[in-house]
2 protein chains.
Amino acid sequence: MTLPKSKQIYALHASICQVLANPKRLEIIDQLQEGELSVTQLTETMKISQANLSQHLSVMRHRGIVTVRRDGANSYYRLASPKIVRACALMREVLLENLESGAEILRNQTKQ
Amino acid sequence: MTLPKSKQIYALHASICQVLANPKRLEIIDQLQEGELSVTQLTETMKISQANLSQHLSVMRHRGIVTVRRDGANSYYRLASPKIVRACALMREVLLENLESGAEILRNQTKQ
DNA sequence: TTAGAATATTCAATAATTCGAATATTATAA
DNA sequence: TTATAATATTCGAATTATTGAATATTCTAA
């Protein structure tokens with residue numbers, strides 16, 4: 001197994017995984033778990049500026065993690081695939097396993 | 001649902017997901033799918049310098065994605081959990097779905 | 001039409017990643 | 001012991017990500 005994958009694919013794969021590499025974007029994904037939300041709704045539940053939220057949504061849109069539905073002045077975002085939540089959940093499980101097994105490492109991680 | 005998660009957890013979650021946000025590290029994960037490999041074996045199959053490989057392995061070790069077994073002068077790395085491969089595979093599926101549905105976006109992604 | 005609401009974009013400063021080069025550490029065979 | 005192999009670390013430069021601030025765009029109600 002382990003088919004050889006081109007550098008290209010790895011780069012794209014990394015690019016889409018990178019969406020998950022930010023706390024705010026993970027929170028957005030969490031919020032969208034149940035279904036679509038407007039930008040206004042997202043700003044209300046998350047402690048984030050409208051501009052910054054819009055920037056993150058832009059990244060997520062461009063990398064195919066969310067899709068938008070525009071309705072008048074409002075934009076409604078939803079996750080592009082249920083697989084995204086599953087992937088996030090798996091990685092969170094890995095994290096929790098690490099925390100339980102007392103991985104010292106995770107204490108002093110990059111904060112923001 | 002959607003339990004409120006602390007900023008802390010989101011930061012740690014992002015930190016562990018960030019390991020997936022690099023093409024070389026994804027390739028390392030691919031290589032380790034079948035089981036442990038030594039650093040030498042990894043340098044042989046991947047086109048990467050020993051130093052750079054070691055740097056990536058260090059990141060992965062510290063974030064609990066891989067574990068090391070040292071045997072003499074050799075270090076054998078393996079994935080810390082099978083969930084890592086599953087998460088990667090899911091994200092790759094999302095990518096492939098996007099590519100199929102002709103997401104223009106992915107053409108001009110950050111390359112390295 | 002125009003004011004205001006909703007959202008998006010641009011810009012610039014700061015922070016974080018990536019990687020080559022050099023060097024350090026550790027283990028073992030001679 | 002010492003040379004060599006295997007691996008790890010440090011440092012600095014280049015690139016990329018993140019975010020606040022300012023501004024632009026789009027829509028709708030009046």
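What you see is a predicted model, and the numbers here were worked out from it, not measured in a lab. Here is how names work: the chains are called A, B, and so on, in the same order as the sequence lines, proteins then strands, and each is numbered from 1.
Atom pair L53(A):CG and dA6(C):C1' shows a separation of 12 Å (rounding to whole Å applied). Counting to the nearest Å, the P atom of dA22(D) and the CG atom of N52(A) are 16 Å from each other. At whole-Å resolution of the value, CD in E36(A) and C1' in dA6(C) are 16 Å apart. The CZ atom of R69(B) sits 16 Å away from the P atom of dA6(D) (whole-angstrom rounding). Between the CG atom of N22(B) and the C1' atom of dA16(C) there is a distance of 13 Å, rounded to whole Å. Rounded to whole Å, atom C1' of dT19(D) lies 10 Å from atom CD1 of I48(A). The interatomic distance linking H56(B) (NE2) with dT7(D) (C1') rounds to 16 Å, in whole Å. Here dA8(C) presents its C1' atom at 16 Å from CE of M60(A), a figure rounded to the nearest Å.
Rounding to the nearest 0.5 Å gives a distance of 6.5 Å between OH of Y10(A) and CZ of R92(B). One distance of note links CG of L37(A) with CG of L57(A); it measures 10.5 Å at 0.5 Å rounding. Taken to the nearest 0.5 Å, the CG atom of N22(B) stands 4.5 Å off from the NE2 atom of H56(B).
Among V19(B), L90(B), I65(B), the one residue that satisfies the side chain to side chain contact (heavy atoms under 4.5 Å, CB included) test with M91(A) is I65(B).
In this structure, the nucleotide among dT7(D), dA8(C), dT17(C) sitting nearest to the side chain of R63(B) is dT17(C). Of the candidates dT9(C), dA21(C), dT7(D), dT7(D) carries the atom nearest the S38(B) side chain, counting heavy atoms from C-beta on. Of the candidate nucleotides dA16(C), dA8(C), dA6(C), dA16(C) has the atom nearest to the side chain of Q18(B). When each of dA8(C), dA27(C), dT17(C) is scored by its nearest atom to the side-chain atoms of A73(B), the top-ranked nucleotide is dA27(C).
The backbone N or O of S38(A) sits nowhere less than 3.5 Å from a side-chain atom of N74(A) that would complete a donor-acceptor pair.
Each of A51(A) and A21(A) was assigned the nucleotide of DNA chain D with the nearest heavy atom; the assignment lying further toward the 5' end belongs to A21(A). The residue among S49(A) and Q41(B) whose nearest nucleotide of DNA chain D is located toward the 5' end is Q41(B). Comparing N74(A) and S58(A) against DNA chain C, the residue whose closest nucleotide sits nearer the 5' end is N74(A).
Residue R70(A) has no polar side-chain atom (N or O) positioned under 4.0 Å from OP1 or OP2 of dC27(D). Side-chain nitrogen and oxygen atoms of Y77(B) include none within less than 4.0 Å of the OP1 or OP2 phosphate oxygen of dA6(D).
In this structure, S75(B) reaches the sugar-phosphate backbone alone: every heavy-atom distance under 4.0 Å involves primed, P, OP1 or OP2 atoms, never a base. As judged by a 4.0 angstrom heavy-atom cut-off over every strand, Y76(B) is placed among residues making no nucleic acid contact. Across all strands shown, Q55(B) has heavy atoms under 4.0 Å from base atoms, whether or not it also approaches the sugar-phosphate.
One N or O donor and one acceptor, one from the side chain of Q50(B) and one from the base of dA8(D), sit under 3.5 Å apart.
Contact annotation: the side chain of K7(A) never approaches that of P23(B) to less than 4.5 Å [non-hydrogen atoms, C-beta and beyond].
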